[in-house]
Amino acid sequence: MGKIRKILIANRGEIAVRVIRTCRELGIATVAVYSEADRSAPHVRMADQAFCVGPPPSRESYLVQERILEVARRSGADAIHPGYGFLSENASFVRACEQAGITFIGPPASAMDSMGEKTRARQNMIKAGVPVVPGSTEPFATSEEARDYAVKIGFPIMLKAAGGGGGKGMRRVERLEDFDSAWRGAKSEALNAFGNDAVYIEKYLEKPHHVEIQVFADTHGTTLHLNERECSAQRRHQKVVEETPSPILTPELRAKMGEVAVQAARAVNYVGAGTVEFLVDVHRNFYFLEMNTRLQVEHPVTEWVTGLDLVAWQIKVAEGEKLPLTQAPVPNGHAIEVRVYAEDPARNFMPSPGRITTLRVPGGPNLRDDSGVFTGYTVPNFYDPMISKLSVWGPTREEAIARAKRALDEYVVKGITTNVRYLHAILSHAEFVGGDYDTSFLTRGHEALVAQAEDPQVSEAALLASVVYAYQRDQKRLRGQPADTTAAGEAGISTWRRALRHGH
Ligand code: MV4
């Protein structure tokens, strides 16, 4: 507690840059850590000091607690901001910081313990009166017991790893005949991913929405929520597009879910920024899924509609300040974030690391580019290939979608392949535009979205036809005659004008 003067950012990429920016605004000095693959990374250039913490693999650098703490001590940092991923939800790291007398900017270790394991979290939430997906609260000792329980609650069911999240060790089981092989599969995958083969059972929810509530708590007894984020546009359990408000929430449901999320946070004595994830079913029942005890990737959309700097408030709460509000703010307008990845949608989203030879990022009003790259930068292949987050604000959802599409059109990235066109295709898809898209949207829409993401192939004949069309149209206009335009003709023109802008 007390004023923080120097923060070590135990992360890389766009989130390290994001945290450094706020520190600079608050007059707080910054210390970057980096692996040998990140010597020329933007966060290293932006921080006041930077220290190498090891070779490229994160297990040998960003994840080595002792190295990070040693840099904190050596540089005189009085606090550590963990970002997301890496050590951000590691309770033993929080305890090590405490022992070293360094403030961990995040919740107490005890809150992480309460939420870390899924079966424990479910038990704690039931005690707190928070609705959880119907199912067991303990892992099963034998496949026989598990099978009996599945029969009791009825198929389809979901086998889930108690130790983890993110879809690993998860199996949907439709019929009794499939149970035993699914059980073995879930167990071995769980053991592999989390070193823990404990598996429990939930009732399977059909086509749920993923809606999460941002919560915030200070050390003076205020715990509030900052509304929701709709995160149903996911691919293989990776979020691709996030927005707020959720198009499917009514003010009543928002208030109810917000209240329950605050209850969840209070039950574990939460402090700082956290997120309570819910599944919302077709009847708009909602169920606790898990709590993320960190700042999330998609926090900018919440910042857009609340006007708050969440990183600034994480720091101020860690300094012992009181939150500036005591109740959930009414969301102002609409915000959308898309995640720009160095990956190739046409090649099954294979990562596409390499040197960025040209980079032009979108600009203009109510638009934010949280980026961790620059022209000439080489995207290393050791880490998550997300290179930037584009987020926009608009008074309405419609305007926000139009702005996001306009912004994506302005991107020029050469040297590597990105998912920019794929993102544009999502924002143009009728189901997304309609607003009621569930977690199966990107799987169901896969073919169409990937096809649309292909660079338009302009044949020479089509190009010539389009030029003739444009010439005749413009000649008529110049003579003051009405030009009889056609939709196909106009579309042809925008196709090659767009190709020209992008330097094809
Ligand atoms: C579920 C579910 C349906 N029923 N649980 C996927 C990741 C993990 N965090 C929870 N997940 C799911 N759990 C029950 N009982 C469907 C999913 C799910 C999903 C959830 C959120 C976002 C995207 C998803 C995509 C597929 C499945």
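Note that the structure is predicted; figures quoted are calculated from it, not measured. Remember, it's 1-based here, ligands and their atoms both numbered in the order they're listed.
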Under a 4.0 angstrom heavy-atom cut-off, which atoms of ligand 1 come close to [X]?
{"X": "Tyr204", "value": "3 (C), 4 (N)"}
{"X": "His210", "value": "21 (C), 22 (C)"}
{"X": "Met158", "value": "1 (C), 2 (C), 3 (C), 5 (N), 13 (N), 16 (C)"}
{"X": "His237", "value": "6 (C), 7 (C), 25 (C), 26 (C), 27 (C)"}

Taking the six-membered ring for Trp, are Tyr200 and Phe140 closer than 6.0 Å centroid to centroid?
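Judged by ring-centre distance (under 6.0 Å), Tyr200 and Phe140 do not meet the cut-off.
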Looking only at the aromatic ring of each residue, does the gap between the centers of Tyr62 and Tyr383 stay below 6.0 angstrom?
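Centroid distance Tyr383-Tyr62: below 6.0 Å, so yes.
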Do the side chains of Glu337 and Lys239 get close enough for a salt bridge, i.e. N-O under 4.0 angstrom?
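Answer for the salt bridge query: no.
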Return a yes/no value for [X]: is any of its N or O atoms, backbone included, closer than 3.5 angstrom to an N or O of ligand 1?
{"X": "Lys203", "value": "yes"}
{"X": "Gln234", "value": "no"}
{"X": "Thr439", "value": "no"}

Give the minimum heavy-atom separation between [X] and [Y], together with the two atoms involved.
{"X": "Leu224", "Y": "Val262", "answer": "C-CG2, 3.6 Å"}
{"X": "Gly54", "Y": "Arg67", "answer": "CA-NH1, 4.0 Å"}
{"X": "Ala233", "Y": "Tyr437", "answer": "N-CE1, 3.7 Å"}

Would Arg235 and Phe349 count as a cation-pi pair here, with the cationic atom under 6.0 angstrom from the ring centre and within 45° of the axis?
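Geometry flag: set, cation within 6.0 Å and 45°.
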Closest protein heavy atom (residue, atom, distance) for atom 20 (C) of ligand 1
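So the nearest neighbour among protein heavy atoms is Leu279 CD2, 3.8 Å.
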Heavy-atom contact under 4.0 Å between Glu206 and ligand 1?
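No, Glu206 has no heavy atom closer than 4.0 Å to ligand 1.
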With a cutoff of 4.0 Å, is Glu290 in contact with ligand 1, counting heavy atoms of the residue only?
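So Glu290 counts as touching ligand 1.
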How does Leu205 reach ligand 1, by side chain, by backbone, by both or by neither, if only non-hydrogen atoms under 4.0 Å count?
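Both of them.
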Just wondering, are more than 12 heavy atoms of other shown residues or ligands nearer than 6.0 Å to CD in Glu206?
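Yes - once you tally the heavy atoms of other residues, nucleotides and ligands closer than 6.0 Å, there are more than 12.
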